Protein chains: 2
Amino acid sequence: MAFKRMRSPRRDRGVITVREIAHESGVSTATVSRVLSSSEVVSEHTRARVMAVVNRYHYVPHGLAGALASRRSRQIGIIIPTIANSIYGCCTQAVNRVAQRAGYTVLVGISEFSPEHEAEIIHRFLERRVEGLILTGMTRACELYKKIEHNGVRFVVTWKYNSDRARPAVSFDNYKAAAMAVEHLISLGHRRIGLICGRADVNDRALERRRSFEETMRAHGIEPDPELIFEREFEFSEGRDAVATMLQHERPPTALFIANDVQAVGALLKCREMGLSVPEDLSIVGFDDLPITQYVNPPLTTVRVPSGEMGRLAAEHLISAIQRGQPVKSVELSTCLVVRGSTGPARTSSIRRARRRQAARG
Amino acid sequence: MAFKRMRSPRRDRGVITVREIAHESGVSTATVSRVLSSSEVVSEHTRARVMAVVNRYHYVPHGLAGALASRRSRQIGIIIPTIANSIYGCCTQAVNRVAQRAGYTVLVGISEFSPEHEAEIIHRFLERRVEGLILTGMTRACELYKKIEHNGVRFVVTWKYNSDRARPAVSFDNYKAAAMAVEHLISLGHRRIGLICGRADVNDRALERRRSFEETMRAHGIEPDPELIFEREFEFSEGRDAVATMLQHERPPTALFIANDVQAVGALLKCREMGLSVPEDLSIVGFDDLPITQYVNPPLTTVRVPSGEMGRLAAEHLISAIQRGQPVKSVELSTCLVVRGSTGPARTSSIRRARRRQAARG
DNA sequence: CTGAAAGCGCTAACAT
DNA sequence: ATGTTAGCGCTTTCAG
């Protein structure tokens with residue numbers, strides 16, 4: 001071999017490049033680029049000629065090369081904990097929609113509630129040079145936030161809002177939302193109220209809702225009973241099992257706040273299966289307002305959260321911040337209590353009465 | 001200005017590059033690259049020195065530049081029609097998991113059942129130089145397949161399997177699966193059977209299930225009544241409305257095949273709400289085996305499809321095909337009928353009887 | 001309105 | 001085991 005390096009200009013797997021297109025249409029690569037970015041001033045004539053060649057060759061520009069050269073990846077990332085709870089899917093879908101319209105692609109990461117896993121996803125997204133990040137919840141190593149900022153990447157927190165925190169957030173306030181639910185129960189005369197929620201150690205939304213439950217109870221002079229507080233995974237079955245166990249307590253609750261509808265629906269169906277009347281024997285208020293909640297029997301009283309709008313706004317704020325080179329603006333979204341059939345006035349020791357009834361029957 | 005171009009080597013927004021790392025640790029960029037790709041032979045000593053600098057600077061390599069240079073993007077794309085039906089979420093999550101483990105990032109596209117939208121997503125993914133594509137269903141413009149292949153991108157079809165087609169698929173056979181459901185009903189003595197399914201014009205899975213319904217009926221000497229076939233969107237409410245309408249027919253069905261569980265659960269709950277007994281008044285068999293189906297009352301008889309496994313296998317086959325430079329191997333997955341409480345023996349004109357009962361009560 | 005050419009940050013031959 | 005260097009395919013000044 002006499003020559004130093006044998007790299008013919010188009011030895012590649014036949015994938016066309018700007019150079020070929022430029023050559024074929026008798027213009028420079030710069031012009032092709034201008035035509036394709038469709039923003040520049042190019043004469044109608046040249047544009048037509050170039051486009052003809054582009055179409056003829058089914059030319060698809062190399063976006064990564066473009067990103068490298070322009071230093072804009074036109075990608076954002078979103079990290080959600082799970083897809084088992086459809087609220088995250090709904091939010092992601094909304095993000096996807098606005099991103100797409102703005103010419104951005106979205107990378108989806110699923111952390112499965114693992115901080116290590118999340119850190120890994122963030123690292124990968126940073127490598128891919130996302131221009132922005134949509135995060136779920138606020139609790140994560142300070143290091144990680146530093147790493148994100150250090151790489152010049154903007155982010156916005158969803159599903160968690162605290163007016164006192166410095167991090168940009170587009171979300172509702174879990175504390176307030178949960179308080180509405182608990183106060184609804186208290187106002188119906190319930191004093192003995194149980195809580196079922198997600199795992200507070202890996203989920204700051206669950207933590208916040210739990211904290212709100214406890215403090216709201218105390219604010220009304222009720223001391224929450226730790227034996228009536230269950231933290232479980234996000235599954236129908238977990239809600240079912242939790243409620244079954246809780247109702248075996250010697251002093252069972254007359255009402256339940258179940259801080260997510262997946263567990264709430266599971267629990268509600270279980271109650272019916274056990275022959276309990278809802279809300280006569282037990283009131284239940286859920287959280288999320290999943291579509292199915294209005295169709296179960298009785299329809300579930302629950303807290304409506306704006307999952308879709310949150311996704312939409314988070315993406316809009318993030319992208320506009322990126323484009324305008326400004327910090328992301330926070331917004332607090334509102335929630336509301338949707339009162340349906342699963343909550344009613346407290347009646348003394350209704351579970352015990354129901355139990356007796358069952359015993360008589362069985 | 002006397003000089004031609006003013007481009008200082010590190011004027012950028014402070015983001016570190018290999019060159020800086022190489023310089024700081026007194027090695028070449030090639031060595032840094034070797035350390036980071038962790039595959040090459042590098043002395044323990046140099047590796048440690050380089051890693052120290054990497055960590056000190058929180059250096060995150062520019063993945064797009066790497067992709068460009070190595071001509072491997074380490075990305076795959078998946079396109080699903082919606083996230084409203086959680087089976088797609090489940091599948092996507094599985095894909096994500098194996099991709100991540102293999103060092104691939106996944107781009108998620110949501111087509112919302114629009115072919116135009118899907119074509120756009122594919123184009124964008126091709127620009128991003130995905131190395132492979134996981135598609136939902138097989139029906140799309142031949143042009144589009146050509147475009148994908150023309151760009152040297154491998155793909156695999158999911159949720160649709162036909163042994164006669166040339167396209168690589170990792171899926172179950174909708175026709176067979178639906179036939180199991182219909183035959184179950186027929187074997188219980190039902191002759192007047194209705195169908196509720198997705199829109200067959202934009203969804204080849206729905207089409208296939210509908211075709212299977214009609215042909216299986218005929219194979220058993222029953223002519224399907226077009227008035228008992230409803231194509232609807234994927235919503236609980238659509239299932240509800242469809243069943244309500246269908247039962248007003250002068251000769252209502254004694255059984256229903258509802259080709260997806262979202263609609264099936266909606267329909268089932270509606271039946272209960274209308275005071276109908278399931279399966280005494282009406283048998284229902286669903287499709288998908290969503291988690292909730294086993295908890296509704298009565299638990300839904302349905303066809304179990306391997307959403308998670310399909311995602312896992314599709315991703316594995318695709319990635320291994322990419323890595324070994326071979327075509328993607330097809331696999332047909334199996335489904336099974338899960339008989340639960342919503343189906344029972346046919347009883348003559350049970351709906352009419354129920355109606356009379358209701359009239360008597362009302 | 002168009003072209004020339006210098007990189008974007010990295011990897012992969014090739015050479016040592 | 002490590003360094004040199006030529007690109008990857010595109011965008012973007014700057015010049016005309």
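Nothing here was measured: the structure is a model prediction, and the numbers come from that model. Quick note: numbers below take in every heavy atom, side chains included, and nothing from hydrogens, waters or symmetry partners. Labels below follow one simple rule: chain letters A, B, ... track the order of the sequence lines, proteins then strands, and each chain is numbered from 1.
A donor and an acceptor atom sit less than 3.5 Å apart, one in the side chain of A:R34 and one in the base of C:dG3.
Regarding B:R129, its CZ atom lies at a distance of 7 Å from the P atom of D:dC10, rounded to whole Å. Straight-line distance from the CG atom of A:L126 to the C1' atom of C:dG9: 16 Å, rounded to whole Å. Rounded to an integer number of Å, the gap from CZ of B:R72 to P of D:dG9 is 15 Å. Separating the CZ atom of B:R71 from the P atom of D:dA6 is a distance of 16 Å, rounded to the nearest angstrom. When rounded to the nearest whole Å, the span between CZ of A:R19 and C1' of D:dT11 equals 14 Å. B:L64 places its CG atom 12 Å from the P atom of C:dT11, with the value rounded to the nearest Å. One can place CG of B:L68 at 12 Å from C1' of D:dT11, the figure rounded to the nearest angstrom. Going from atom NE2 of A:H23 over to atom P of C:dA4 covers 12 Å, rounded to whole Å.
The residue among B:A69 and B:T31 whose nearest nucleotide of DNA chain D is located toward the 5' end is B:T31. Two residues, A:S70 and A:A30, neighbour DNA chain C, and the one matched to the more 5' nucleotide by heavy-atom proximity is A:A30. Two residues, B:E44 and A:G63, neighbour DNA chain D, and the one matched to the more 5' nucleotide by heavy-atom proximity is B:E44.
Considering only the side chain of B:V18, C:dG9 comes nearest among D:dC10, D:dG3, C:dG9.
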Trace of the salt bridge (Lys or Arg N to Asp or Glu O under 4.0 Å) decision for A:R154 with A:E149: CA-CA 7 Å; A:R154 259 164 272 256; A:E149 281 157 356; over 6 Å; no
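Residue pairs meeting the salt bridge (Lys or Arg N to Asp or Glu O under 4.0 Å) criterion with at least one partner in residues 58-70 of chain B, sequence neighbours excluded, are absent.
Legend: residues meeting salt bridge (charged side-chain N to carboxylate O under 4.0 Å, His left out) with A:R312, ordered by chain and number and at least two apart, are A:E316.
Residue contacts shown for A:V27 are limited to sugar-phosphate atoms, with no base heavy atom under 4.0 Å away.
Between B:T46 and D:dA1, a side-chain N or O to OP1/OP2 separation shorter than 4.0 Å is absent. An OP1 or OP2 oxygen of C:dC8 is reached within less than 4.0 angstrom by no side-chain nitrogen or oxygen of B:T17. Phosphate contact (OP1/OP2 of D:dT11, side-chain N/O of A:T29, threshold under 4.0 Å): absent.
Looking at A:H317, its side chain does come within 3.5 Å of a backbone N or O of A:K329 through a donor-acceptor pair.
Using a 4.0 Å cut-off between a side-chain N of Lys or Arg and a carboxylate O of Asp or Glu, B:R72 and B:E131 qualify as a salt bridge.
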